Protein chains: 2
Amino acid sequence: MVTIYDIAKKADVSPMTVSRVINNSGKIRSTTREKVEQAIKELGYIPNSAARSLTSNQTKTLGLILTDISNPFFAKIARGAEDAAVATGYRVLMSNTDEDSVKEVNYIDMMISARVDGVLIAPTSDETISQINRLRQHNIPVVLIDRMIEGFEGDYVLGDSYEGSRKLVKHLIDYGHHNIALINGPSNVSTARERQRGYLETLKLNDLAVHDHYLSEIDFKSVQAGSAKDIVEQLMSLEKDKKPTAIFAANNFIAISVIKALKELGLNVPEDISVVCFDEVEPVVYFDPFFTVAAQPATEIGRIGTQFLVERVEHQNINQERKVVLPPDIFIRKSTRRL
Amino acid sequence: MVTIYDIAKKADVSPMTVSRVINNSGKIRSTTREKVEQAIKELGYIPNSAARSLTSNQTKTLGLILTDISNPFFAKIARGAEDAAVATGYRVLMSNTDEDSVKEVNYIDMMISARVDGVLIAPTSDETISQINRLRQHNIPVVLIDRMIEGFEGDYVLGDSYEGSRKLVKHLIDYGHHNIALINGPSNVSTARERQRGYLETLKLNDLAVHDHYLSEIDFKSVQAGSAKDIVEQLMSLEKDKKPTAIFAANNFIAISVIKALKELGLNVPEDISVVCFDEVEPVVYFDPFFTVAAQPATEIGRIGTQFLVERVEHQNINQERKVVLPPDIFIRKSTRRL
DNA sequence: AGATTTTATGTTACCGATAACCGTAAGCGC
DNA sequence: GCGCTTACGGTTATCGGTAACATAAAATCT
C-alpha cells in the first residue's frame with residue numbers, strides 16, 4: 001500500500017510536505033511541488049480516506065436510507081441524490097429498509113458507525129423521529145425526503161401529496177365519478193395522511209359524502225404480493241349503488257396490485273372502473289402512457305435533498321429550516337374515463 | 001464523540017479491555033465484561049469504523065459500480081447486492097457510470113480512496129480491464145456482473161445472452177419471421193456481442209440470410225432520448241421485401257425507444273411488426289405483461305456476485321475461478337405475433 | 001511449598017494522515 | 001550590519017482503534 005511516507009521518501013521531502021501538496025495548503029515551492037507530484041504519479045498514490053477521517057473527523061460520505069431501491073420512484077431519488085453527492089465530492093452509502101423499522105434501526109447504527117457526514121432518509125414512519133434524534137446526538141445532520149414527520153425540525157424535500165391528491169380526486173369528480181374509493185398506504189406515513197386529507201377535503205368541497213367503506217390501508221410496497229386483492233374484492237362486492245366507479249391508489253405499486261386484482265375479477269380499466277395513483281409507472285410511460293397519475297419529481301427530490309444536506313454538513317450554523325414541497329404533475333391518461 | 005477511552009474510564013478498565021469486549025476476543029472475566037457493556041450502553045458508544053480500518057486494513061465496505069441505478073434491471077441487481085452485503089456484514093457504496101469510461105475511472109479512484117474491501121462492477125466496456133487491474137494492484141478483489149471482459153481472469157456472474165438471444169430469434173422464426181432486424185448495444189460490451197452471436201447463429205442454423213442492413217448499434221441507456229428513432233425509420237423505409245417484420249432490441253430501454261419510434265411512424269406492435277428484447281420492463285409486467293422478453297435474474301446476479309466477492313475478500317477459495325452464467329427466462333407475450 | 005502454567009488485564013507502538021508548532025534561510029528596512 | 005519578516009518545510013503529537021508484548025494474580029503441577 002502506497003502511503004505519503006513512500007511518496008515523501010521518493011521525493012526526498014517530509015510526509016507533511018506531501019500532505020500539503022495533496023491538499024493544496026501552505027506554501028510550497030513549485031520545484032518541490034513538482035517533485036512530489038511526480039512521485040505521486042509514479043507510485044500511483046491515492047490517499048487513504050480512513051486515515052484522513054480520523055484526523056479531519058469527516059468521511060466525505062453520505063448515508064441514503066430508502067425503503068426499496070428496486071421501486072423506480074426511489075431508484076430515481078437515489079440517482080438524483082448520488083449525482084448531487086459526487087458533484088460536491090461526497091460518496092453515497094445506500095440501504096433498503098423495506099418499510100421495516102427494525103432494519104431501519106440497524107442501518108442507522110451502520111451510518112453512525114461509518115461516521116457518515118450526513119443522512120438523507122425517507123423514514124419508515126413517524127416513529128423514526130427517535131432514530132433521527134440518535135443521529136443528531138452524534139452530530140450527524142439529517143434531511144428528510146419524500147416523507148415528513150410530525151414535529152420534525154429541520155430541512156425536508158417532499159412531493160406535495162395533499163395538492164396532488166386534490167387534483168387527482170377533482171379530476172375524477174370532473175369525469176362524473178361520485179363513488180371513489182381510496183386505497184391508502186399506512187397512516188403512520190405522512191404521504192398517506194396527506195393523500196387522505198386531500199381526498200376527504202375534495203369530496204367535501206364538492207358536496208360528496210364520505211363513506212367509511214371507501215377507506216382502506218395497505219402497505220406501500222410489494223407489487224408481486226397482490227396485497228390489494230382482498231380490498232378490491234370487498235369493494236367490488238358492494239351493492240350496486242355503493243360500488244365504486246373509481247379507485248384512488250396511494251402509489252404506483254398499489255395501483256398495479258389493484259389493476260391485477262381487477263383483472264382477476266374480469267374487470268377492465270377504464271371501461272369498468274377508473275384508476276388513478278401517485279408516482280409514474282416507469283419506464284412504460286415512455287412508450288405507452290397508461291396511468292392517470294400525480295407524478296412526483298423524484299430525481300429532483302433526491303438532488304435537492306442532497307444539496308441541503310451537504311450545505312448542512314459544511315456549514316453547521318444554518319439557522320433557517322428549508323421545507324421544500326414540490327408540486328406533482330398531473331397526467332390524465334388512459335386509466336380514467338368519463339362516466 | 002464517545003470513544004473506547006471514555007468507556008474505559010467509565011468502566012475503570014483499560015481501552016484494550018474495552019476493545020476485547022467489543023470484538024469478543026481474548027479472555028474477559030464475566031464481571032468485567034458486564035461492567036464494560038454497561039458503560040457502552042449508558043454512553044451509547046458505537047465504534048469508529050475509520051479508526052478500525054486504519055489498523056485492520058479493511059473497511060467492511062463494498063463498491064458497487066453500475067451504469068444507472070434508475071434502470072430497473074440494475075436497480076434489481078443493486079437490491080440483490082445490498083441484501084447479500086448486509087447479510088454478511090458489509091456496507092455498499094453505490095455509483096452510476098452512465099456507460100461513460102471517464103466517470104468510471106473517477107469512481108474507481110473513489111473506491112480505491114475509500115479502501116473498499118471489494119468491487120462489484122458492470123464494466124462500461126472491454127477497456128475497463130485496465131481499471132480492474134488498477135484495483136487489483138491495490139489488492140482489491142473484483143467480481144464482474146452482467147458483463148464479461150475478454151481475457152478477464154476471476155469470478156463473474158452473468159445472464160446467458162447467447163442462449164437468450166438464440167431462443168428469442170428462434171421464437172420469431174417459429175412465428176414465421178424471416179426478416180429480423182437486430183438493434184444492438186455497443187459491440188465493445190460483451191452482452192451485445194453475445195446477443196449478436198446468438199442472433200447470427202440462429203439465422204444460419206435456420207438457413208436464413210444475414211443482411212448487413214439488419215444490423216445496427218446504439219447505446220444501451222436513455223429511453224427518453226428516443227435514440228432508436230433514426231434506425232427504426234431507416235429500417236421501415238427499406239423496400240417492401242426487405243422491410244423487417246420483427247425487431248430484436250438488445251435491451252428493454254432500446255425496446256421502449258423502438259416502440260416509441262414505431263408509434264410515431266404510425267406502426268403498431270404486434271400488428272405491423274413484432275418486437276422482442278432482453279430484460280423485463282418492470283413493474284408493468286405484473287399487471288399487463290406486454291413484451292416478449294428474455295428476462296434475466298437480476299436480483300440473483302447481484303446476490304451471487306456479492307457472495308463471491310465477499311468470499312474473495314475473506315480469502316476463501318482463492319484458487320478456482322467461478323464463472324456463473326444464469327439462463328434467462330423466455331416469456332412469450334403480446335409484442336410478437338405469427339406471420 | 002516452590003515452580004510453572006494459565007488467565008485476565010495493562011502498556012506500548014503503530015495504522016496513515018494532518019494540525020499545530022518550530023526552525024532556518026532568504027529578503028527587507030534602516 | 002543588525003534585527004525583523006516572510007517563505008518554506010520539518011517535527012511532534014494526535015485522531016480511535018488494535019496487535020503484540022508485558023505483567024500480575026490465580027490455578028495447577030511436582
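Residue numbers start from 1 in every chain, and the chains themselves are labelled A, B, ... in the order their sequence lines are given, proteins ahead of strands. These numbers were taken from a predicted model, which means no experiment stands behind them.
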### Query
Rounded to the Å, how far apart are B/Ile7 CD1 and D/dT18 P?
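Checked: the CD1 to P distance equals 13 Å.
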### Query
Starting at CG of B/Asp6 and ending at P of D/dG16, how long is that distance when rounded to a whole Å?
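So the CG-P distance, B/Asp6 to D/dG16, works out to 8 Å.
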It should be established whether [X] places a side-chain nitrogen or oxygen under 4.0 Å from OP1 or OP2 of nucleotide [N].
{"X": "B/Thr32", "N": "C/dT9", "answer": "yes"}
{"X": "B/Tyr45", "N": "D/dG17", "answer": "yes"}
{"X": "A/Thr55", "N": "C/dA19", "answer": "no"}
{"X": "A/Ser19", "N": "C/dT18", "answer": "yes"}
{"X": "B/Asn23", "N": "D/dT18", "answer": "yes"}
{"X": "A/Lys27", "N": "D/dA7", "answer": "yes"}

More than 12 heavy atoms from other groups under 6.0 Å of [atom1] on [X]:
{"X": "B/Asp12", "atom1": "CG", "value": "no"}
{"X": "A/Lys103", "atom1": "NZ", "value": "yes"}
{"X": "B/Lys9", "atom1": "NZ", "value": "no"}

### Query
Which residue, A/Tyr5 or B/Val18, contacts DNA chain D at a nucleotide closer to its 5' end, judged by nearest heavy atom?
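That would be A/Tyr5.
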### Query
Can you check whether B/Ser95's main-chain N or O pairs, donor with acceptor, with A/Arg91's side chain at less than 3.5 Å?
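Side chain of A/Arg91 to backbone of B/Ser95, a donor-acceptor pair under 3.5 Å: no, none is there.
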### Message
Using only atom types and a distance under 3.5 Å, with no angle test, would you say the side chain of A/Thr128 pairs donor to acceptor with the backbone of A/Pro123?
### Response
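Side chain of A/Thr128 to backbone of A/Pro123, a donor-acceptor pair under 3.5 Å: no, none is there.
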### Query
For B/Ile22, which contact category applies under a 4.0 Å heavy-atom criterion: base, sugar-phosphate, or nothing?
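Here B/Ile22 touches no strand at all.
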#### Entry: Touch class at under 4.0 angstrom, heavy-atom based, for B/Ser14 against every strand present
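Counting heavy atoms under 4.0 Å across all strands, the contact made by B/Ser14 includes a base.
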Please pick, from [options], the nucleotide with the shortest atom-to-atom distance to any side-chain atom of [X].
{"X": "A/Ile4", "options": "C/dT18, D/dA7, D/dC15", "value": "C/dT18"}
{"X": "B/Met16", "options": "C/dT9, D/dT11, D/dA20", "value": "D/dA20"}
{"X": "A/Arg29", "options": "C/dC15, C/dT18, D/dG9", "value": "D/dG9"}

### Query
For the base of C/dG10, is there a side-chain donor-acceptor partner from B/Arg20 under 3.5 Å away?
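A donor-acceptor contact between them is present.
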### Query
Does A/Asn48 or B/Thr17 map to a spot on DNA chain C nearer the 5' end, using the closest nucleotide for each?
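Between the two, 5'-proximity favours B/Thr17.
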### A/Ser49 vs B/Pro15, nearer the 5' end of DNA chain C by closest nucleotide
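Result: B/Pro15.
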